[in-house]
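I have placed the structure first, in the form of structure tokens, so that the comments after it can refer back to it.
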Amino acid sequence: MAQEDVFKKIVSHCKEYGFVFPSSDIYDGLGAVYDYGQNGVELKNNIKQYWWQSMVLLHDNIVGIDAAIFMHPTVWKASGHVDAFNDPLIDNRDSKKRYRADVLIEDQIAKYDEKIEKEVAKARKRFGDAFDEAQFKSTNARVMEQIAKRDALHERYSVAMNAMDLDALKQIILDEEIVCPISGTRNWTDVRQFNLMFKTEVGSTADGASTIYLRPETAQGIFVNYLNVQKTGRMKLPFGIAQIGKAFRNEIVARQFIFRMREFEQMEMQFFVKPGTELDWFRRWKETRLAWHKNLGFGDENYRFHDHEKLAHYANAASDIEFRMPFGFKEVEGIHSRTNFDLSQHAKYSGRKIEYFDPETNESYTPYVIETSIGVDRMFLSVMCHSYQEEKLENGETRVVLKLPAALAPVKLAILPLVKKDGLPEKAYEIMNSLKFRFNCMYEEKDSIGKRYRRQDAIGTPYCITVDHDTLNDGCVTLRDRDTMKQERVAIADLPALLEDKVSLTGLLKRLHDAL
Ligand code: ATP
């Protein structure tokens with residue numbers, strides 16, 4: 001099946017099984033805004049718990065905060081967002097559609113890459129084992145021409161983006177003869193800067209109101225609380241502050257479902273270190289965060305680092321963790337060495353001294369910062385994309401199963417009485433009532449057992465137990481494993497320990513701890 005079709009199926013599965021709905025669905029939705037349904041919210045909360053506990057429980061020098069979404073407007077002046085949090089946008093006059101100029105050009109670069117890849121793949125097939133890719137790329141005239149064009153475009157694009165030269169960006173679009181995918185024409189407007197922050201007003205009357213912003217990242221809530229936390233927590237460097245919360249960006253182009261949203265959630269951790277040690281910590285956090293992802297068992301080959309060549313003016317190193325989505329390797333998390341830029345800017349704009357007194361060296365300095373920043377929704381999407389599977393069964397049927405890591409699954413255990421009579425529902429409820437304080441359980445008695453198993457497979461429930469007539473006599477139930485579909489008889493009394501081992505977040509965290 002084409003990857004595009006797989007992705008479409010995942011999107012409709014998310015809706016059909018109560019994971020993700022378009023916002024304001026009965027009013028036909030709102031662009032790039034989504035609601036999480038009854039199963040989605042559980043999965044999302046489990047992802048957040050996995051992150052939070054891996055930061056705050058596993059590190060004795062990381063603490064959490066929960067800062068407000070509204071912040072003093074000067075925060076965004078100091079951070080540079082008012083002046084520089086812009087995307088270059090361009091409109092097509094015929095389709096009236098709006099695009100990000102940088103995305104149009106990056107798509108064009110990707111087209112060259114695809115052409116080159118196709119030629120390479122063809123040659124590999126032709127030459128078999130004797131194929132030498134490097135040699136082919138440096139000798140085949142057609143490929144060399146494509147590579148030269150691609151590199152020249154990339155170079156021109158980098159220069160234009162670094163200088164934010166809007167005319168140059170437009171000229172590239174014209175020279176490359178990029179057309180609007182809707183109208184097919186090259187009738188473009190000029191490129192303009194577009195600030196991604198949403199504005200609103202505080203104050204009871206419009207007159208006395210002042211403009212404030214919906215935060216475009218959670219990080220600044222941590223920076224402005226650095227002193228509060230350091231002092232009240234008597235924190236010693238190095239230490240970190242973690243936060244999970246909503247962020248808002250007026251993205252020009254909404255694409256790929258919950259990959260790019262206008263309202264989304266971030267999990268960010270700022271790690272404050274002594275100046276000069278930051279690159280070592282940067283390297284360590286890259287590894288620590290990659291281990292967190294890999295620990296979910298999605299396959300090491302599905303991750304890669306993308307080290308940034310072009311750095312933001314405040315950073316001295318940056319890397320993304322990319323995950324293989326059905327639409328290619330995409331950024332899920334960013335790890336940035338932000339120097340002392342943010343704290344120094346806030347010191348300058350607030351007039352406060354924001355420093356750390358180092359008792360070991362008796363000197364004061366502004367700490368450097370390593371940031372790890374991951375989008376909850378993008379993480380959710382990567383979990384969904386990897387877990388969604390269609391399996392051909394021996395009897396020729398296909399089952400749709402979400403092979404979620406058990407610790408993240410919305411429902412851990414479905415409790416199914418074989419029939420709706422003979423005291424089986426009562427027994428099933430009795431079992432559920434003894435387990436529900438520890439595990440998210442679901443009771444289901446409607447339809448055949450087979451149909452009920454399928455419904456649980458579709459929402460990723462790792463275990464189902466069936467209560468039958470024997471249960472009333474022998475105190476055992478049938479435990480069915482989602483992935484292997486194997487069934488075994490187990491004593492009700494053994495269920496808590498067995499489930500704890502297989503589905504708890506603690507187990508996942510212990511594995512991570514051992515891997516680090
Ligand atoms: P992109 O280049 O994809 O726009 P970014 O580099 O601007 O992302 P950061 O500012 O580094 O992203 O934000 C950190 C993380 O927040 C990203 O890795 C991503 O997981 C998440 N994120 C950023 N923007 C969005 C969005 N519009 N919708 C969902 N998640 C987002």
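Worth knowing before you read on, the calculation uses all heavy atoms, side chains too, and leaves out hydrogens, waters and symmetry mates. Along the sequence shown, residues carry numbers from 1. Indexing begins at 1, ligand by ligand and atom by atom, following the structure's order.
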* Kindly indicate whether the side chain of Leu279, heavy atoms from C-beta on, has any atom under 4.5 Å from the side chain of Asn316. => yes
Could you go through ligand 1 and note, for every N or O atom, any protein N or O atom closer than 3.5 angstrom, writing the atom names and distance to 0.1 Å, or 'none'?
from     : atom 1 : to     : atom 2 : distance (Å)
ligand 1 : 3 (O)  : Arg260 : NH2    : 3.0
ligand 1 : 3 (O)  : Arg378 : NH1    : 3.1
ligand 1 : 3 (O)  : Arg378 : NH2    : 2.9
ligand 1 : 4 (O)  : Arg260 : NH1    : 2.8
ligand 1 : 6 (O)  : Glu331 : OE1    : 3.4
ligand 1 : 7 (O)  : Arg249 : NH1    : 3.1
ligand 1 : 10 (O) : Arg249 : NH1    : 3.2
ligand 1 : 10 (O) : Arg249 : NH2    : 2.9
ligand 1 : 13 (O) : Gln266 : NE2    : 3.4
ligand 1 : 16 (O) : Gln266 : NE2    : 3.3
ligand 1 : 18 (O) : Glu331 : OE2    : 2.6
ligand 1 : 18 (O) : Val332 : O      : 3.2
ligand 1 : 20 (O) : Val332 : O      : 2.7
ligand 1 : 20 (O) : Gly375 : N      : 3.0
ligand 1 : 24 (N) : Arg249 : NH1    : 3.4
ligand 1 : 27 (N) : Glu251 : OE2    : 2.8
ligand 1 : 27 (N) : Met261 : N      : 3.3
ligand 1 : 27 (N) : Met261 : O      : 2.8
ligand 1 : 28 (N) : Phe259 : O      : 3.4
ligand 1 : 28 (N) : Met261 : N      : 2.9

* Would you confirm whether the ring centroid of His336 sits within less than 6.0 angstrom of the ring centroid of Tyr314? => no
Quiz: residues 52-75 side-chain donor-acceptor pairs under 3.5 angstrom, not counting sequence neighbours:
from  : atom 1 : to     : atom 2 : distance (Å)
Gln53 : NE2    : Gln49  : OE1    : 2.7
Ser54 : OG     : Tyr50  : O      : 3.3
Ser54 : OG     : Trp51  : O      : 2.8
Ser54 : OG     : Trp292 : NE1    : 3.3
His59 : ND1    : Ser54  : O      : 3.1
His59 : ND1    : Met55  : O      : 3.2
Asn61 : ND2    : Pro238 : O      : 3.2
His72 : ND1    : Thr74  : N      : 3.0
His72 : ND1    : Thr74  : OG1    : 3.1

Please tabulate, for side-chain N and O atoms in residues 156-164, each donor-acceptor pair with protein atoms closer than 3.5 Å (sequence neighbours left out).
from   : atom 1 : to     : atom 2 : distance (Å)
Arg156 : NH1    : Asp175 : OD2    : 3.2
Arg156 : NH2    : Asp175 : OD2    : 2.8
Tyr157 : OH     : Glu106 : OE2    : 2.5
Ser158 : OG     : His154 : O      : 2.9
Asn162 : ND2    : Ser158 : O      : 3.3

* Using 30° and 60° as the class limits, which term best fits the ring planes of Phe257 and Phe7: parallel, tilted or perpendicular? -> perpendicular
* **Partners meeting side-chain contact (heavy atoms from CB on, under 4.5 Å) with Asp151 (sequence neighbours left out)** => Ile147
